[in-house]
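First the structure, which I've put down as structure tokens, then a few questions once you've had a look.
Note: hydrogens, waters and symmetry copies are ignored here, and every other heavy atom, side chains too, is used. Quick caveat: nothing in here was measured; it's all calculated off a predicted structure.
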Amino acid sequence: MPFKQQALLRQKLFVLGSLAVGSLLYLVARVGSLDRLQPICPVESRVAPHAPGPFPLRTLQYKRGILHELRKGNATKEQIRLHSLVQQLPRAIIIGVRKGGTRALLEMLNLHPAVVKASQEIHFFDNDQNYARGIDWYREKMPFSFPHQITIEKSPAYFITEEVPERIFKMNSSIKLLIIVREPTTRAVSDYTQVLEGKERKNKTYHKFEKLAIDGNTCEVNTKYKAVRTSIYTKHLERWLKYFPVEQFHIVDGDRLISDPLPELQLVERFLNLPSRISQYNLYFNATRGFYCLRFNIVFNKCLAGSKGRIHPEVDPAVVAKLRRFFHPFNQKFYQITGRTFNWP
């Protein structure tokens, strides 16, 4: 081989060798740096230790997505363990009143990052078959949450079912109880309207409200009619007061929750000892639906189901007046017991 070709070959080999050595030295240095870095911040140490204080609300807001995955059934057991998620018994229950706005109240309270709601009505305390399944069955019906969040469920039948106060007391004698009420006659008509719609959907006939609410023999208010009986709030509340002091109840104005929800929600926040986090930003009026919808963030908005806000049938004004006169003394007693007065006729 000519001398010039040999010299050129040696030069190429030297360059290639230098590149190879340089690459090897880089890899060694890189691995060494990773080895030095890894003990400083292992994966396990990135999870904040469980602290006795309140869970940061901003953290809870970021982790709502995890809870959403759990509700859809997509989260793994490892994710549940990693995030210290638990199924807690409720620390507050919306016990009624039917057609008072219980669903709206629950959905609006769920705007708060420290609140987690049970999506379905559990009917544990008012259903003998469910109650016989035991408290562990009830707990398994609750959503996953972080330890410092409050779980809330709602079952309006609780308010009027005789066995429920004692059963809830046995579970938690210090639980907080929410009752949302509307003007009693309006609530009774709303109750009737929901049942009527269900009958019509099944092509069944149903009596007019006037015939059900007024006893045809005596021409007096028919207290055997469930829609009327449910609106006698004080009768049901007195049964609850045998087990719980009045301080453990908070009365929500269902009519005001429809027209101006924020002040009512702020009162509930204080009752539940929650920091004020629900703001006017979270509530916007939907002119098409005629009531407020919910804004969780810049992306996610939610309105209540179309079945809410049904149009009521026209009711004979004389019957409305008779019902209002009937409810009046019960309303006055309800104001005295609860310390909250409403502008009901």
Verify same cluster id: F249, I152 (apolar side-chain graph, 4.5 Å):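 As far as the 4.5 Å side-chain criterion goes, I152 and F249 are not connected within one cluster.
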Pair E269 + R277: basic N to acidic O under 4.0 Å: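 Answer for the salt bridge query: no.
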Applying a strict under-4.5 Å side-chain criterion to I, L, V, M, F, W and Y, I'd like to know whether I175 and V86 cluster together.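 The answer is no; the residues belong to distinct hydrophobic clusters.
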Here's a test for you: under side-chain contact (heavy atoms from CB on, under 4.5 Å), which of L178, V181, I180 qualifies with I251?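 With I251 as partner, side-chain contact (heavy atoms from CB on, under 4.5 Å) holds for just one option, V181.
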For N282, what residues pass the side chain to side chain contact (heavy atoms under 4.5 Å, CB included) criterion, not counting sequence neighbours?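 With neighbours one apart ignored, the set is L111, I278, S279.
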Heavy-atom distance under 4.5 Å between the side chains of Q87 and S145, does that happen here?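 With C-beta onward as the side chain, the pair stays apart.
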Quick check for you: to the nearest 0.5 Å, what is the distance between I94 atom CD1 and K117 atom NZ?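 Those atoms lie 10.5 Å apart.
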Grouping I, L, V, M, F, W and Y whenever their side-chain heavy atoms are under 4.5 Å apart, do I95 and L237 come out in a common cluster?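 Yes.
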Between T102 and K154, do the side chains contain an N or O donor and an N or O acceptor separated by less than 3.5 Å?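 Yes.
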Residue pair D128, R167: steps toward the salt bridge (charged side-chain N to carboxylate O under 4.0 Å, His left out) verdict: CA-CA 11 Å; D128 291 340; R167 289 175 176 179; 2.9 Å; yes
Checking side-chain polar atoms at under 3.5 Å, does R98 have a donor or acceptor matched by the opposite partner on T230?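 Side chains of R98 and T230: no pair found under 3.5 Å.
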Kindly assign one of parallel, tilted or perpendicular to the pair F124 and Y138, based on the angle between their ring planes and the thresholds 30° and 60°.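 F124 and Y138: parallel rings.
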Quick one: does any side-chain atom of K322 pair with a main-chain N or O of C219 as donor and acceptor, under 3.5 Å?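 Yes, K322 side chain to C219 backbone: donor-acceptor pair under 3.5 Å.
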Is E166 salt-bridged to K170, going by a charged N under 4.0 Å from an acidic O?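 Result for this pair is yes, salt bridge flagged.
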Would you give the length of the straight line joining atom CZ of R182 to atom CG of D191, rounded to the nearest 0.5 angstrom?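 The CG atom of D191 is 11.5 Å from CZ of R182, to the nearest 0.5 Å.
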Does the Lys NZ or Arg CZ of K176 fall within the cation-pi geometry relative to F271 - under 6.0 Å from the ring centre and within 45° of the axis?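 Judged by the rule, K176 and F271 form a cation-pi pair.
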hydrophobic_cluster_shared for Y281 and Y284, side chain cutoff 4.5 Å: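 Unlinked, Y284 and Y281 end up in two clusters.
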Checking side-chain hydrogen bond (donor to acceptor under 3.5 Å, both in side chains) for the pair N172/S174: CA distance, chi angles, key distance, verdict? CA-CA 5 Å; N172 182 358; S174 61; 2.9 Å; yes
Apply side-chain hydrogen bond (donor to acceptor under 3.5 Å, both in side chains) to S155 and E153, showing your working. CA-CA 7 Å; S155 293; E153 78 123 324; 3.0 Å; yes
R103 vs E107 side-chain heavy atoms within contact, under 4.5 Å: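 Result yes, sub-4.5 Å side-chain heavy-atom pair found.
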By the rule that ILVMFWY residues connect when side-chain heavy atoms come within less than 4.5 angstrom, directly or transitively, which residues belong alongside F326?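 Result for F326 is V189, Y192, V195, L196, Y206, F209, L212, I214, V221, Y225, V228, I232, V315, V319, V320, L323, F327, F330.
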Any heavy-atom pair between the side chains of P261 and F285 that's under 4.5 Å?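 In short, these two side chains do not touch, never coming nearer than 4.5 Å.
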For R325, which residues count as a salt bridge (Lys or Arg N to Asp or Glu O under 4.0 Å) partner, sequence neighbours excluded?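 None.
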In terms of ring plane angle, is the pair F334 and Y233 parallel, tilted or perpendicular, where the classes change at 30° and 60°?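 Judged by the thresholds at 30° and 60°, the geometry between F334 and Y233 is tilted.
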Determine, using the 4.5 Å side-chain heavy-atom cutoff (strictly less than), whether L262 and M108 are members of one ILVMFWY cluster.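 L262 and M108: one cluster.
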